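To start, the structure under review is shown below, and the notes come after it.
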Number of protein chains: 2
Amino acid sequence: MSSEGSAGTLRRRTKPPTSSSNRTSSRLSREDWINAAKTMLVESGIDGVKVDLLAKRMNVTRGSFYWHFEDRDALLDALLHLWEASNTEPMLAAIKAAGARGDREDFDATVGRLWIDETEFDPAFDSAIRDWARTDPDVAEAVHRIDDIRVAAFAEMFKSYGFTGDEAEVRGRIIYYHQVGYYTLGIRESSAERKRLGALYDKVLLY
Amino acid sequence: MSSEGSAGTLRRRTKPPTSSSNRTSSRLSREDWINAAKTMLVESGIDGVKVDLLAKRMNVTRGSFYWHFEDRDALLDALLHLWEASNTEPMLAAIKAAGARGDREDFDATVGRLWIDETEFDPAFDSAIRDWARTDPDVAEAVHRIDDIRVAAFAEMFKSYGFTGDEAEVRGRIIYYHQVGYYTLGIRESSAERKRLGALYDKVLLY
DNA sequence: CGATTTCCATACACTGCTGTATGGTCATTG
DNA sequence: CAATGACCATACAGCAGTGTATGGAAATCG
């Protein structure tokens, strides 16, 4: 990613199991390392993802890491791919569902829910990746690509709500940019506060 | 900031000139180092701000740095204080001016201008500080404090536009969060595009 | 103009982190 | 049950970055 991390072409002696996420086993899988790296990325930023600290946290030595990955860049590569694969499909599905019947009453139950319970969509992961993108052009390209897709989905939703092309586009941007900013700032309002003002948010953003 | 950077109590042998930003002189001032660090923060993030790289860029050795600053944390401290001092007053003034006559026609000429010409307000600096805040609690506290002040100012503006207390608060958040997200994502739209959709943005956000 | 202060260079010690080489220990399979 | 492969420990080399000690040159002041 930073120097020569191009694609997922890792040469190793043999092939380790690419699936089978057995976290409880004493032996670690490639996915275990990636998941630990994700946690560390969220906590400390991309420069905080260091293999020796990861190994210490997982109670193994770095020898394990360098069997599963060619080098540190390969891990970062895998992290970015994990984000692309996991953190966009659920959101698109929800937006599509919200616009399906063209009824704005569905919005909170489909899209809004994503940012509340945080089970399908992980805003902290999103935010951490976005930080990373600020200083890494390759990551920035990927994030931009995903952002465009998400905004387009919101624009489609607003079209099904009856807005014109241009206004649907603008409203798509506003609701998405607002959501990104909301989490970039870090939410601190109580759930009572959010519930009290929820209707007003919908009024401004949706109508 | 990270370990023991508490306040601005630096002990040095004597007192160097705290102002007089003579960048053209062959001798460097404390402010020169801070400004260079700011550039580096925007380019590479807080972990990219390293004293040896800074010295190399300024064509001096690290010996100079350790005369002006006690350690690296002192520089980061100064960076945060620079941001608080420089990147909030102009914005508050503009928002206040926008709400002064209670006329929404003034908005683009006062507040909107800030994000366009980027002379008084520096969005890239803002964005870089916000990244830093994600992984540093002390910085997060400072950013939260400033954000609250800015949102409150926007809410006041909307009150002068005739909105009720709650709706003014919500609209203040929306327009500010949206702006933060806008720059967090990284703007790519052409100025023609922005001009074409400008009226629609105002319609949704201001009316 | 001599003396003090300001600013920077040089050299050194030290730590954190990466990557590599190699051997050991389980588990699995023929 | 011997052999192979999967997974990890150990040890080493090396670089990047911080901080410190000290001396030297340039500016400034009495």
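Numbered from 1 within each chain, the chains take letters A, B, ... in sequence-line order. Quick caveat: nothing in here was measured; it's all calculated off a predicted structure.
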For dT6(C), does OP1 or OP2 lie under 4.0 Å from any side-chain N or O of H68(B)? no
In whole angstrom, give the distance that lies between atom CZ of F65(B) and atom C1' of dG17(D). 12 Å
I'd like to compare against my own output: the B/S/- annotation of nucleotides 9-15 of chain D with a strict under-4.0 Å heavy-atom distance to protein. BB-----
Rounded to the nearest Å, what distance is computed from the CG atom of residue L53(B) to the C1' atom of nucleotide dG19(D)? 16 Å
Between R72(A) and dT18(C), does any side-chain N or O lie under 4.0 Å from OP1 or OP2? yes
Can you tell me how far C1' of dC7(D) sits from CZ of R27(A), to the nearest Å? 4 Å
Taking only residues two or more places apart in sequence or in another chain, which ones pass ring pair (Phe, Tyr, Trp, His ring centres under 6.0 Å) with Y176(B)? none
Roughly, in whole Å, what's the span from CZ in F69(B) to P in dT20(D)? 15 Å
Taking only residues at least two apart or on different chains, which pairs with a member in residues 44-61 of chain B satisfy side chain to side chain donor-acceptor pair (under 3.5 Å)? E43(B)-R57(B)
For atom NZ of K50(A) and atom C1' of dG17(D), their distance in whole Å: 10 Å
Show which side-chain atoms of residues 197-206 of chain B pair as donor or acceptor with protein atoms under 3.5 Å away, not counting sequence neighbours.
residue	atom	partner	partner atom	Å
Y201(B)	OH	R173(A)	NH1	3.3
K203(B)	NZ	E167(A)	OE1	2.9
K203(B)	NZ	E167(A)	OE2	3.3

Rounded to whole Å, how long is the line connecting atom CH2 of W33(B) with atom P of dT18(D)? 11 Å
State which of dT6(C), dT18(C), dC8(D) makes the closest approach to the side chain of W67(B). dT6(C)
Can you sort out the partners of D126(B) under salt bridge (Lys or Arg N to Asp or Glu O under 4.0 Å), two or more places apart, ordered by chain and number? R130(B), R150(B)
Partners meeting ring pair (Phe, Tyr, Trp, His ring centres under 6.0 Å) with F158(A) (sequence neighbours left out): Y161(A), F163(A)
Heavy-atom pair of closest approach, residues I95(B) and V111(B): CA-CG2, 3.7 Å
In plain terms, say whether D166(B) and R171(B) are close enough for a salt bridge, that is, a side-chain N and a carboxylate O under 4.0 Å apart. no
L28(B), nearest nucleotide to its side chain (from dT18(D), dC8(D), dC8(C)): dC8(C)
Starting from P on dG16(C), measure out to CG on D47(A) and report it in whole angstrom. 17 Å
Grab the CD-C1' distance between E70(B) and dT18(D) for me, whole Å please. 14 Å
Where the side chain of Y66(B) is defined as all heavy atoms beyond and including C-beta, which of dT20(D), dC17(C), dC7(D) is the nearest nucleotide? dT20(D)
